[in-house]
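Beneath this line is the structure, given in structure tokens, with notes to follow.
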Amino acid sequence: MSQEMQSKLCLVTGATLGIGKETALGLARKGAHLVLVGRDAARTRETAAWIAKESGNPQVDLLIADLSSQAEVRRLAAEFKHKYPRLDVLLNNAGAIFTRRETTVEGFERTWALNHLAEFLLTHLLLDTLERSAPARIVNVASTAHTRGTIDFDNLQGEKKYSGIAAYARSKLANILFTYALARRLAGKGVTANCLHPGVVATGFGHNTPGLVKTLAGLARPFMTTPEKGAETSIYLASSPDVADISGKYFAKRKPIASSKLSYDEALQERLWEVSEKQTA
Ligand SMILES: NC(=O)c1ccc[n+]([C@@H]2O[C@H](COP(=O)([O-])OP(=O)(O)OC[C@H]3O[C@@H](n4cnc5c(N)ncnc54)[C@H](OP(=O)(O)O)[C@@H]3O)[C@@H](O)[C@H]2O)c1
């Protein structure tokens with residue numbers, strides 16, 4: 001275990017599997033104090049114990065929340081704030097794809113609720129803590145799938161026409177639009193916001209949903225990169241001194257790269273911000 005991230009508190013969502021689990025392990029190995037967020041208590045406890053053992057770092061805490069529910073996101077943020085006075089890194093990693101249109105307890109389409117609104121709401125609820133802890137970092141896990149995404153405000157939640165792949169691409173575009181708008185608002189406050197594509201990674205992704213996505217994910221598995229490699233850019237953005245002052249960028253393989261033309265549309269970023277604020281009010 002190194003001391004690179006010693007005394008840094010890092011909250012990682014979606015930490016029970018895949019990229020999030022390896023990201024948490026990588027940060028634990030750098031000496032960080034981890035707070036893992038999972039939705040299943042037993043699985044999250046098991047992961048926390050595994051990370052502590054693998055990293056030799058006992059500072060691995062956990063909080064439980066189903067992030068597709070805004071009530072749970074609010075409870076999570078309140079519990080976090082009650083337990084911890086600071087937050088150095090917020091790593092919004094949890095995400096999924098849903099072949100069939102489903103709605104959450106609060107009536108939002110599930111992909112939109114989990115991949116975008118949870119990230120938007122959790123970040124807002126923890127922003128004062130992050131600002132107080134500056135220098136601090138926000139890292140949002142997006143995807144190259146965003147290049148296929150569009151934002152149609154009349155079909156934001158697939159109300160008129162639903163496709164799992166389109167809903168996923170839209171949510172990942174929203175991650176990037178949100179990151180850019182957030183970085184603008186955080187300029188000069190000592191809190192950075194960046195996003196990333198982790199690569200095409202053999203994880204549990206797509207396995208929660210039946211049909212084509214699960215089949216394709218299974219077929220493509222031998223050609224995919226490992227979760228350990230997939231976590232590298234998240235760990236880099238969360239911890240490297242090289243990016244301490246970089247904000248509002250999209251990364252892949254630890255390098256800033258261009259995201260889609262649409263993602264740079266500031267009017268779109270701001271309109272999405274307003275709509276997201278209303279949807280999480
Ligand atoms: N894999 C890829 O090739 C790839 C490519 C580009 C981007 N990404 C992005 O990378 C991120 C991580 O994906 P992954 O590939 O590591 O997927 P994964 O193996 O399926 O892991 C997803 C994580 O999110 C959690 N999660 C799912 N639904 C949740 C909910 N309702 N509430 C709380 N947590 C929930 C899962 O928890 P449970 O253990 O409870 O299910 C799990 O820990 C996602 O944002 C994804 O969009 C992945």
Side-chain angles (χ1 to χ4, degrees), residues 11-26 36-48 50-51 62-73 75-76 91-98 102-106 108-119 121-122 139-149 164-165 167-176 178-179 195-209 213-214 216-235 237 250-253 259:
L11 184 151
V12 181
T13 69
T16 47
L17 259 183
I19 297 161
K21 186 174 173 180
E22 287 296 331
T23 301
L25 174 61
L36 312 184
V37 176
R39 63 181 155 161
D40 180 281
R43 201 158 52 235
T44 314
R45 264 199 306 274
E46 207 175 286
T47 308
W50 179 81
I51 289 174
L62 56 100
L63 289 171
I64 306 303
D66 179 342
L67 297 172
S68 64
S69 154
Q70 291 186 21
E72 294 250 319
V73 173
R75 184 185 48 73
L76 166 69
L91 223 150
N92 288 307
N93 165 81
I97 186 165
F98 301 95
E102 295 169 16
T103 50
T104 65
V105 278
E106 285 121 356
F108 292 98
E109 187 279 309
R110 195 170 294 286
T111 327
W112 190 245
L114 174 65
N115 295 8
H116 171 59
L117 293 179
E119 172 173 307
L121 180 58
L122 184 62
V139 179
N140 296 328
V141 181
S143 169
T144 194
H146 83 275
T147 54
R148 300 180 56 170
I165 289 170
Y168 179 71
R170 177 163 55 237
S171 72
K172 293 288 129 181
L173 173 60
N175 292 159
I176 300 178
F178 168 54
T179 305
C195 54
L196 68 115
H197 169 59
V200 181
V201 191
T203 63
F205 188 79
H207 287 257
N208 64 314
T209 193
V213 172
K214 188 173 177 176
L216 289 178
L219 287 173
R221 227 176 154 76
F223 309 102
M224 292 174 169
T225 190
T226 61
E228 197 178 354
K229 262 227 114 8
E232 282 181 357
T233 304
S234 293
I235 296 168
L237 287 174
Y250 172 65
F251 283 74
K253 295 185 177 166
S259 50

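Sequence positions, counted from 1, serve as the residue numbers for this chain. First listed ligand is number 1; within each ligand, the first listed atom is number 1. Since the structure is predicted, the reported quantities are computational estimates derived from the model, not experimental observations.
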Is a side-chain N or O of T144 found less than 3.5 angstrom from the main chain of H197, in a donor-acceptor match?
no

With distance as the sole test, does N115 use its side chain to make a donor-acceptor pair with the main-chain N or O of A96 at under 3.5 Å?
yes

Less than 4.5 Å apart, any side-chain heavy atom of Q70 and any of L117?
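Touching, per the 4.5 Å side-chain cut-off.
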
Would you please name every residue forming a salt bridge (Lys or Arg N to Asp or Glu O under 4.0 Å) with [X], sequence neighbours left out?
X	answer
R75	E72, E79
E46	none
R110	E102

Using a threshold of 4.0 angstrom between heavy atoms of the protein and any atom of ligand 1, which residues qualify?
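For ligand 1, the residues that come within the 4.0 Å heavy-atom cutoff are G14, A15, T16, L17, G18, I19, R39, R43, A65, D66, L67, S68, N93, A94, G95, L114, V141, A142, S143, Y168, K172, H197, P198, G199, V200, V201, T203, G204, F205.
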
